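Please read these numbers as outputs of a predicted model, since none were measured by experiment. Naming convention: chains lettered A, B, ... in sequence-line order (proteins, then strands); numbering from 1 in each chain.
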2 protein chains.
Amino acid sequence: MPAKDGAVVRRTQAERSSATSSRLLATAEEMFGRDGYAATSLAAVAAAAGMTKGAAYHHFPGKAGLFREVFVRRLRRAATALERVAAHAPDSWSALREGCRTFLECCTDPGFRQIVLLDGPAVLGWDAVREIEYEHLLRVLRDGMRVAAAEGWIAGGDLDVRSQLVFGALCEAGMMLARSPDPEGAFPAVAGEAERLLGALVRG
Amino acid sequence: MPAKDGAVVRRTQAERSSATSSRLLATAEEMFGRDGYAATSLAAVAAAAGMTKGAAYHHFPGKAGLFREVFVRRLRRAATALERVAAHAPDSWSALREGCRTFLECCTDPGFRQIVLLDGPAVLGWDAVREIEYEHLLRVLRDGMRVAAAEGWIAGGDLDVRSQLVFGALCEAGMMLARSPDPEGAFPAVAGEAERLLGALVRG
DNA sequence: ACAGTTACATACCCTCGGTATGAAAGCGAG
DNA sequence: CTCGCTTTCATACCGAGGGTATGTAACTGT
């Protein structure tokens, strides 16, 4: 039976389910990112999304499970932005540089820092965090390095290890320019030093 | 009045206070490092130290305050080990290298990783963490870089920023060789790639 | 010796994560 | 259409744990 234009809109189960899941995810992303994981209660998230804890526990395995979904979502968005930038780069070396710069721009967002860099490791554990990050960001970085190495831009070596070390330095750089009283003004200096690190590291 | 050898040993307030503080700190360091901050209740720490929550709240401002003391303590120990190694190095460049290697060895300890690298940022916030780390580790690293730069070992630039980026890479390296199924065996590879990063970064 | 301070223990409150139960809204079969 | 069945929530409740208020015993200066 199609929708009636009465007071109650009749919808299918799948529509209801995905709608509430999306609202919950969006609200959780906003609150976790603003107040931090510990200071955000699940009931408050559900209430802000217009429902109760019961709905949240029906769609997600728990508070940490909801946080994990939010974490993955943020990484996925960062990865797509990063890949789009890298795809438009003229060569593999610029793709690497531009990708790193894009990651730093992601760190400009307070929610990204709070969820991905601060709370993520403590809530999900280091192994789970790096597994997810590998799936979305680290793999891209490593593959970019491999291409650049194959084309002679950078020196060989254990690129799995090296890409991860560079990733750690980038996270640190992202947090640095976030703490700065003038993030916009500090961006060029930090990004420059990060690119200098990248350049010094990889040039053979 | 000096101590009586009766059933109850008579002690001064300062002795009692420092003794209970030390026991509490040592127990908290052990339990926070083993189980993580969230999974460790303050009452459990106090009980394991032979007292109740009341004593803990008398000596420390709360759970996070106790954790902060534990955090500082671990950093202090790492810093002294690091400075001792650097002091015995033949030149400023080796001091830098040996210092970084010593930091990686600190990351071998599971408690250090859990407290300093995983829970620290989420519990204390990034600003507080980096302030403490600057006081103990980052300042040492930056000063070592300055000396090495003055002696011509490494290139100039914003050493405040660069030392922090290197620190981030070192933390990542420390977590990497911790996740490895064979940390002892992986140590040379990761440490080698880290030193390679250091060398490539700073040689000018 | 005796107030006053310090160093705890005990009892209590409140928030919050998680679970169990119940009800209402789709959904499929006859 | 209708009548079980599943899905999708809401409500009520439990227990753990951080924090606080209060009482009490141990020290301390005068």
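- Under a 3.5 Å cut-off, the side chain of R139(A) and the backbone N or O of E135(A) do form a donor-acceptor pair.
- At most 12 non-hydrogen atoms from other residues, nucleotides or ligands lie less than 6.0 angstrom from CZ of R68(A).
- Here the two rings, on F71(B) and F32(B), have centers that are 6.0 Å apart or farther.
- Distance, L66(A) CG to dG17(C) P: 11 Å, rounded to whole Å.
- Counting to the nearest Å, the C1' atom of dG19(D) and the CZ atom of F60(B) are 16 Å from each other.
- Of the listed nucleotides (dG17(D), dT20(D), dC16(C)), dT20(D) has the atom at the smallest distance from the side chain of Y57(B).
- E15(A) places its CD atom 14 Å from the C1' atom of dT8(D), with the value rounded to the nearest Å.
- In terms of the side chain to side chain donor-acceptor pair (under 3.5 Å) criterion, residue partners of E30(A) (sequence neighbours excluded) are, by chain and number, R34(A).
- With the nearest nucleotide of DNA chain D identified for both A64(B) and R16(B), A64(B) has the one nearer the 5' end.
- Nucleic acid contact for T52(A): base, since at least one base atom lies under 4.0 Å from a heavy atom of the residue.
- The distance from atom NE2 of H58(B) to atom C1' of dT10(C) is 16 Å, rounded to the nearest whole Å.
- Between L42(B) atom CG and dA9(C) atom C1' the separation is 14 Å, expressed in whole Å.
- For the pair R23(A) (side chain) and A49(A) (backbone), a donor-acceptor distance under 3.5 Å is present.
- Nearest-nucleotide positions on DNA chain D place T20(A) closer to the 5' end than the other of T40(B) and T20(A).
- Regarding contacts with the backbone of dC8(C), a side-chain N or O of H59(B) is found under 4.0 angstrom from either OP1 or OP2.
- Checking dG17(C), dG19(D), dC8(C) against the side-chain heavy atoms of K53(B) singles out dG19(D) as nearest.
- Minimum atom distance to the side chain of T12(A) is reached by dC27(C), of the listed dG17(C), dA7(C), dC27(C).
- Taking atom CZ on F67(B) and atom C1' on dG19(D), their separation rounds to 19 Å, with Å as the unit.
- The base of dG17(D) does not come close enough to the side chain of K63(B) for any donor and acceptor atom to sit less than 3.5 Å apart.
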